[in-house]
There are 2 protein chains.
Amino acid sequence: MNIGEISKRSGVPAKTIRYYEDIGLIQPERTPNGYRVFSETDLHRLSFLGRARKLGFSIEDCRALIRLYEDEARASAEVKDLAMNHLGRVEEKIAQLQHMRNSLVEVIEDCAGDHSPDCAILDRLAGRML
Amino acid sequence: MNIGEISKRSGVPAKTIRYYEDIGLIQPERTPNGYRVFSETDLHRLSFLGRARKLGFSIEDCRALIRLYEDEARASAEVKDLAMNHLGRVEEKIAQLQHMRNSLVEVIEDCAGDHSPDCAILDRLAGRML
DNA sequence: GCGATCCTTCCAGTCGCTGGAAGGGTTGCG
DNA sequence: CGCAACCCTTCCAGCGACTGGAAGGATCGC
């Protein structure tokens, strides 16, 4: 199958698939005219990658996950470790954003939001804390 | 004051300050030898930028915020609008990450994390849902 | 005069794509 | 057979907001 079809079937954009080939995540064959040819295995791999990316795993994590997936002698502990590290990073990011959110809500609440130029948000950004 | 001092005083790295000059957020003077010279106003501006960036405002938002800050005829409603739009984006991001987090927790829970190669995480990524 | 520390510019890299240009191949229809 | 429509290719540039590093010049204290 060619790139358009595998793109539709895997849900991964053609551009992204070419990029994944560039960085060595997949190695499709080529027809004599230069078109990429993908196998069912490539389709599985791309779907796997699509799901992993949706869970927020980095490309390097995905590389490791695929290696583990194809390693019959893997220990599930290694996969779990990788996933838990990722989870930790996601939770850290959430905490940061929630902190941001709380500060934003706080300053927004104090701002009248009317025609007057007096603005608690600007005051706060300018360092004039209340 | 030169870039090292304003960097220390504002908490904004020198590299970042040069970058901000590049993109027109600040316009320091220059000494005859080419060194940047910063005023107290620049210090206020950089501190303002530092605080806005900590709240997650984009550079373009910061540009708008500074314009509003320096516009005596502003309406606080405009600032509040900008901040609320940003808050919306932050909350959206949080929701996305929480969704990710929930999925991750779910798959991680189902993985033994032992010496066996059987792994619910890989199964899930491979499309074999339980 | 010398070394340490400052400053300068410019280029490249981060991350994971995404858009677009320029060009060639294939398919289907009249 | 000609043509349009649509597929494919490569390569380059850009996103956001910096950050690291190289190469070189200026200043400062001893």
Side-chain angles (χ1 to χ4, degrees), chain A residues 1-38 42 45-46 48-66 85-86 89-90 92-93 96-97 100, chain B residues 1-38 42 45-66 82 85-86 89-90 92-93 96-97 100:
Chain A
M1 97 193 82
N2 59 21
I3 203 165
E5 193 185 340
I6 202 174
S7 169
K8 246 178 244 156
R9 289 227 259 158
S10 65
V12 178
K15 276 269 184 193
T16 304
I17 298 172
R18 290 194 194 98
Y19 171 68
Y20 286 173
E21 185 187 10
D22 268 9
I23 62 173
L25 280 179
I26 40 164
Q27 285 121 286
E29 304 287 311
R30 296 283 179 142
T31 58
N33 69 21
Y35 283 23
R36 290 171 181 82
V37 186
F38 298 87
D42 291 326
R45 229 174 211 270
L46 276 175
F48 183 103
L49 285 168
R51 285 186 208 100
R53 294 286 303 127
K54 265 194 189 157
L55 286 179
F57 286 103
S58 72
I59 289 289
E60 284 320 301
D61 280 352
C62 289
R63 209 187 288 279
L65 284 170
I66 285 200
N85 278 338
H86 173 49
R89 269 173 262 128
V90 169
E92 202 177 317
K93 187 88 196 175
Q96 275 173 23
L97 286 172
M100 248 184 211
Chain B
M1 96 195 82
N2 58 21
I3 202 166
E5 193 184 340
I6 200 175
S7 168
K8 244 178 246 157
R9 289 227 259 158
S10 65
V12 178
K15 276 269 184 191
T16 303
I17 298 172
R18 290 194 194 97
Y19 171 69
Y20 286 173
E21 185 187 9
D22 268 10
I23 62 172
L25 280 178
I26 40 164
Q27 285 120 287
E29 303 287 310
R30 298 280 180 145
T31 59
N33 67 21
Y35 283 22
R36 290 170 183 81
V37 187
F38 297 87
D42 292 325
R45 229 172 211 269
L46 276 175
S47 307
F48 184 102
L49 284 168
R51 284 184 208 102
R53 293 288 302 128
K54 267 196 186 152
L55 286 179
F57 286 104
S58 71
I59 290 289
E60 285 320 299
D61 279 352
C62 289
R63 208 186 289 278
L65 284 168
I66 286 199
L82 199 157
N85 279 337
H86 173 49
R89 270 172 260 129
V90 169
E92 203 177 316
K93 188 90 197 174
Q96 275 172 24
L97 286 172
M100 251 184 210

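From a predicted model like this one, the values you see are computed outputs, not experimental measurements. Convention: sequence-line order gives letters A, B, ...; per-chain numbering from 1.
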Q. Between B:Arg36 and B:Asp42, is there a salt bridge with N-O shorter than 4.0 Å?
A. no
Q) Just how far is it from atom CG of B:Leu49 to atom CG of B:Leu25, taken to the nearest 0.5 Å? A) 5.5 Å
Q | Nearest-0.5 Å distance, CG of residue B:Asp61 to CZ of residue B:Arg89 | A | 5.5 Å
Q: Round to a whole Å and report the spacing from CZ of A:Arg63 to C1' of C:dG16.
A: 12 Å
Q: Decide yes or no for A:Arg63 and A:Glu60: does some side-chain heavy atom of the first lie under 4.5 Å from some side-chain heavy atom of the second?
A: yes
Q) Can a side chain N or O of A:Thr16 be found less than 4.0 Å away from OP1 or OP2 on C:dG16? A) no
Q. Within this structure, what is the OH-to-P distance between B:Tyr19 and D:dG20, rounded to whole angstrom?
A. 15 Å
Q) How long is the line joining CD1 of A:Ile6 and P of D:dC8, in whole Å? A) 11 Å
Q) Near DNA chain C, under 4.0 Å by heavy atom, which residues of residues 51-62 of chain B? A) none
Q. Which distance, rounded to the nearest 0.5 Å, do you find between the CD1 of A:Ile3 and the CD of A:Glu21?
A. 7.5 Å
Q. Which value, rounded to the nearest 0.5 Å, describes the distance between B:Ile17 atom CD1 and B:Ile26 atom CD1?
A. 6.0 Å
Q. Quick one: NE2 on A:His86 to CE on B:Met100, what's the gap to the nearest 0.5 Å?
A. 6.0 Å
Q. Could you run down nucleotides 1-12 of chain C 5' to 3' and tag each one B, S or - for protein heavy-atom contact under 4.0 Å?
A. -----BSBBB--
**Q.** OP1 or OP2 of D:dC18 under 4.0 Å from side-chain N/O of B:Tyr20
**A.** yes
Q. Atom CD1 of A:Ile23 and atom CD1 of A:Ile59: how far apart are they, to the nearest 0.5 Å?
A. 4.5 Å
Q. Rounded to the Å, how far apart are B:Ile23 CD1 and D:dC18 P?
A. 7 Å
Q.
Just the rounded figure in Å: distance from P of D:dA17 to CG of B:Leu46.
A. 16 Å
